[in-house]
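Below is one structure, written out as structure tokens; comments come after it.
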Amino acid sequence: MVQLTEFEGDHPLLRLFPALREVDARATETKLVVAACATAVTLATFLLSYLVSFNLPVFRALKTKEKVFWCLSVVRSTFGAVIVVLSGWYWVMDPTLSQDVVKATTQTSFLTASIIVGFFVFEVTALAISDVVFHTFDPALFAHHWLCLVGCSTMCLYYEIGHFFGIQGVMLEMTTPFSCLCWVLLKSKMAHTTLWKCNQLFLIHLFHMRTIIEGYMLLMTYRQWDSVIANMPVVVFVLLYTQVVLQFVWLTPNWTYKKTSQFFNPIDFNHTDTEKGTKGTSREKSGKDHSTEHSSGDSSHVKTS
């Protein structure tokens, strides 16, 4: 098994928190504490986002569920930015996890996996509460988040394998900050600005890059198939490749199509009822104005007579 007994290189986590070099990242207590801290920081980010955003007129004008989604967008974009830096290290600077896609691990990959699990604990909890309170349900998002939580915690932390897929695969979250910015700008009535269009084009490009990463993960599976079959438990195999295939065949193509369509027709796919309500209100208002014009015309006609 490819494992390091000491912390490796100058990973971003070690630069920010040098004290982590003295921690046993594989210990169960460490995993639980790091995951709990990640959940707490994520919740704090959500609450801070609400407090700061409440000073914005745009935010105060939103419906309650849109305010919640706004704060969740801030949380997701923050996580996306952080986790891409942590995961990107293994793509650019450290090839350790690629040497054996099943058994290779590092000290910092354990810490990163714990952070991922902590974030998705918050995500699935927030998603469940939001669905119950606002009577909504997004099957794609539901499947994605639960598979990420169960898959990463089972594979990376419990069985301590598959860090290549769990850590490097989370690079797919590189779209999250730009997707959230897209929604915030949309709600800020900036959908026709150059900033929104540039962000949307870059976002579409990143979704295509997601397909390349997913294809690369499948390619690495093919290249190391003997190791996958010999060393990966059945439950992990099912969880992992359900997620990978689901992303490659359904989720990423679906989201790519939606974001491409949104570039030409800037609407909020996350709250279609709001869009319908807005359009209905506009039509109703237009109808009232039209009726007022006819009433004025009739009144003028009577007076003339």
Side-chain angles (χ1 to χ4, degrees), residues 1-9 11 13-14 20 23-35 38 83-84 86-121 124 143-173 210-252:
M1 181 179 291
V2 182
Q3 289 189 341
L4 304 180
T5 56
E6 299 179 355
F7 279 101
E8 64 288 350
H11 191 277
L13 275 175
L14 305 183
L20 288 176
V23 173
D24 180 7
R26 293 181 176 84
T28 301
E29 296 79 5
T30 302
K31 297 173 187 174
L32 292 175
V33 168
V34 173
I83 208 64
V84 162
L86 300 182
S87 174
W89 174 266
Y90 292 102
W91 282 94
V92 180
M93 303 298 295
D94 188 351
T96 301
L97 300 182
S98 303
Q99 294 173 16
D100 188 327
V101 297
V102 180
K103 296 188 292 183
T105 64
T106 68
Q107 294 272 32
T108 47
S109 71
F110 275 102
L111 294 176
T112 305
S114 299
I115 292 172
I116 295 170
V117 169
F119 167 75
F120 278 108
V121 167
V124 297
H144 169 59
H145 285 178
W146 274 102
L147 282 172
C148 284
L149 173 60
V150 177
C152 190
S153 57
T154 302
M155 177 174 65
C156 296
L157 300 186
Y158 182 75
Y159 284 101
E160 299 186 350
I161 61 174
H163 282 211
F164 168 82
F165 298 103
I167 309 305
Q168 294 193 222
V170 83
M171 271 294 290
L172 297 176
E173 294 297 323
R210 279 175 61 113
T211 303
I212 295 175
I213 292 175
E214 291 157 0
Y216 175 70
M217 293 169 70
L218 292 173
L219 176 63
M220 291 298 289
T221 299
Y222 171 76
R223 288 178 173 176
Q224 301 188 31
W225 181 250
D226 291 341
S227 177
V228 171
I229 291 298
N231 301 302
M232 186 174 288
V234 175
V235 63
V236 174
F237 183 91
V238 171
L239 286 172
L240 172 62
Y241 289 102
T242 297
Q243 170 77 339
V244 173
V245 173
L246 194 66
Q247 291 272 10
F248 188 67
V249 175
W250 175 38
L251 296 180
T252 297

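The residues of the chain are indexed from 1 along the displayed sequence.
- Listed by chain and residue number, nothing satisfies the ring-ring contact (aromatic ring centres under 6.0 Å, His included) test with F164 (two or more places apart in sequence, or in another chain).
- The nearest pair of heavy atoms linking G118 to A38 is CA-CB, 3.9 Å.
- Distance alone, capped at 3.5 Å, places no donor-acceptor pair between the Q168 side chain and the G88 backbone.
- Here the closest heavy-atom approach between residue I115 and residue L13 is recorded as CD1-CD2, 4.2 Å.
- Summarising the geometry of K31 relative to R26, their closest heavy-atom pair is CE-O, 3.2 Å, with the distance given to 0.1 Å.
- Ring centers of F110 and H163: under 6.0 Å apart, within the cut-off.
- In this structure S227 satisfies the side chain to side chain donor-acceptor pair (under 3.5 Å) test together with D100, N231, sequence neighbours excluded.
- For S87, the side chain to side chain donor-acceptor pair (under 3.5 Å) test picks out no residue, with sequence neighbours left out.
- A distance-only check finds no donor-acceptor pair linking the side chain of Q243 to the backbone of L147 [under 3.5 Å].
- Not counting sequence neighbours, the partners of E214 by the side chain to side chain donor-acceptor pair (under 3.5 Å) test are T252.
- S153 contributes no side-chain N or O that, together with a main-chain N or O of V117, makes up a donor-acceptor pair within less than 3.5 Å.
- Contacts of Q247 classified as side chain to side chain donor-acceptor pair (under 3.5 Å), with partners at least two apart in sequence or in another chain: H144, R210.
- Looking at Y90 and T106, their side chains do bring a donor and an acceptor atom within 3.5 Å of each other.
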Just list the side-chain donor-acceptor pairs under 3.5 Å for residues 232-239, sequence neighbours left out, or say none.
none

